[in-house]
Participant: 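For reference, the structure I am asking about is given below.
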2 protein chains.
Amino acid sequence: MTSTPMQTGYTIGECARRSGFSMDTLRYYERVGLIDDVDRTATGQRRFSDAHLEWLGTLKCLRDTGMPVEQMCRFARLVRDGDATVPERIELLQVHREAVNERIADLDAKRDYISGKIAYYQGLQ
Amino acid sequence: MTSTPMQTGYTIGECARRSGFSMDTLRYYERVGLIDDVDRTATGQRRFSDAHLEWLGTLKCLRDTGMPVEQMCRFARLVRDGDATVPERIELLQVHREAVNERIADLDAKRDYISGKIAYYQGLQ
DNA sequence: CTAGGACTTGGAGTGGACTCCAATGCAAAC
DNA sequence: GTTTGCATTGGAGTCCACTCCAAGTCCTAG
């Protein structure tokens, strides 16, 4: 049904479908250092691993919650630099989570404002 | 303390401070048709009214909840076109509110994922 | 009266995050 | 073995929503 890995690992197209990023975005992320150690076939095509897919899941989460690419790069660097950076990673994620909390609270308040507007308009009918 | 309206109404600077938009953004919004009927002094300076400030509050809410400028323009047009468009405005706001709801739900889920990551890292310590 | 800050314009520039392109090579299906 | 379509590259282009600029005018405090 779905294509089988031809050597081993996922082609960029398969990886795009599974990760939710476009192929272009995956190449871009590799270029800026968000993705590492991508295998290549003898002829130069990328082959992504399950570990990559998991990492991409994390990236997707961070990106979709509004973390700038540059900060994700910092996180990626920490991960690359090994266990000693765990406290820094915790710190970074906690700060980000707080930003997400604030964003949610803001959206929540503003949704109420919108609901108020809707109710007002409905009162006019 | 704060500047008094020199004729009547707020200068663009005052309006910027009160609305949370920059002066440049206010001029840009006027250009694209999001703001209407701004008075001018004899020498051409803008003077915003309280009604403008209220409208800007609505714009801020829509913008901060992710509505694209183009869709805000559509809403502005509906408002300009008078009472007959109230049902359409309700529809537009309801659709937008639903988008906000989905955004909140998504952020919520992803915050949990982040919390999971944090807990995992803390388990390593 | 003068200094210094606020305001005007049209248009150009910015930033972030992709997204597309052309020319070319590779691979799976029939 | 050829077609169909997926993959490669570097670099250019796009999109959105501002944001900045230069050159000039205006306004108010002292």
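Computation of the quantities below employed the complete heavy-atom set of this structure, encompassing side-chain atoms and omitting hydrogens, waters and symmetry-equivalent molecules. Residue numbers start from 1 in every chain, and the chains themselves are labelled A, B, ... in the order their sequence lines are given, proteins ahead of strands.
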Participant: Distance check: side-chain N/O of A:Tyr28 vs OP1/OP2 of C:dG16, anything under 4.0 Å?
Facilitator: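 So the side chain of A:Tyr28 is outside the cut-off, no N or O lying under 4.0 Å from OP1 or OP2 of C:dG16.
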
Participant: State whether B:Arg27 places a side-chain N or O below 4.0 Å from either non-bridging phosphate oxygen (OP1 or OP2) of C:dT8.
Facilitator: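 Checking C:dT8 against B:Arg27, a side-chain N or O does come within under 4.0 Å of OP1 or OP2.
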
Participant: Do any side-chain nitrogens or oxygens of B:Arg46 fall under 4.0 Å of OP1 or OP2 in C:dT9?
Facilitator: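 Yes, B:Arg46 has a side-chain N/O under 4.0 Å of OP1/OP2 on C:dT9.
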
Participant: Using the six-membered ring wherever Trp is involved, compare the ring planes of B:Phe75 and B:Trp55 and label them parallel, tilted or perpendicular (cut-offs 30° and 60°).
Facilitator: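 Correct class here is parallel.
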
Participant: Using a cut-off of less than 4.0 Å, is there contact between a side-chain N or O of B:Thr43 and OP1 or OP2 of D:dC27?
Facilitator: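 Looking at the OP1 and OP2 atoms of D:dC27, one of them is under 4.0 Å from a side-chain N or O of B:Thr43.
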
Participant: Just checking B:Phe21: base, sugar-phosphate only, or nothing, at a heavy-atom cut-off of under 4.0 Å?
Facilitator: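 Nothing, no heavy atom under 4.0 Å.
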
Participant: Hey, are B:Glu14 and B:Arg17 close enough for a salt bridge, meaning a charged N less than 4.0 Å from a carboxylate O?
Facilitator: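 Judged by the 4.0 Å cut-off on N to carboxylate O distance, B:Glu14 and B:Arg17 do form a salt bridge.
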
Participant: Within less than 4.0 Å of OP1 or OP2 of D:dA17, is there a side-chain N or O belonging to B:Arg31?
Facilitator: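 No, outside the criterion.
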
Participant: State whether the number of non-hydrogen atoms from other residues, nucleotides or ligands found under 6.0 Å of A:Gln125 atom CD is greater than 12.
Facilitator: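 It does: A:Gln125 CD has more than 12 such atoms within range.
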
Participant: Is A:Arg40 close enough to D:dT9 that one of its side-chain N or O atoms is under 4.0 Å from OP1 or OP2 there?
Facilitator: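 Yes, within the criterion.
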
Participant: Between C:dC18 and A:Tyr29, is there an OP1 or OP2 to side-chain N/O distance shorter than 4.0 Å?
Facilitator: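 For C:dC18, OP1 or OP2 has a side-chain N or O of A:Tyr29 closer than 4.0 Å.
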
Participant: Where the side chain of A:Gln45 is defined as all heavy atoms beyond and including C-beta, which of D:dT9, C:dC7, C:dC26 is the nearest nucleotide?
Facilitator: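 That would be C:dC26.
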
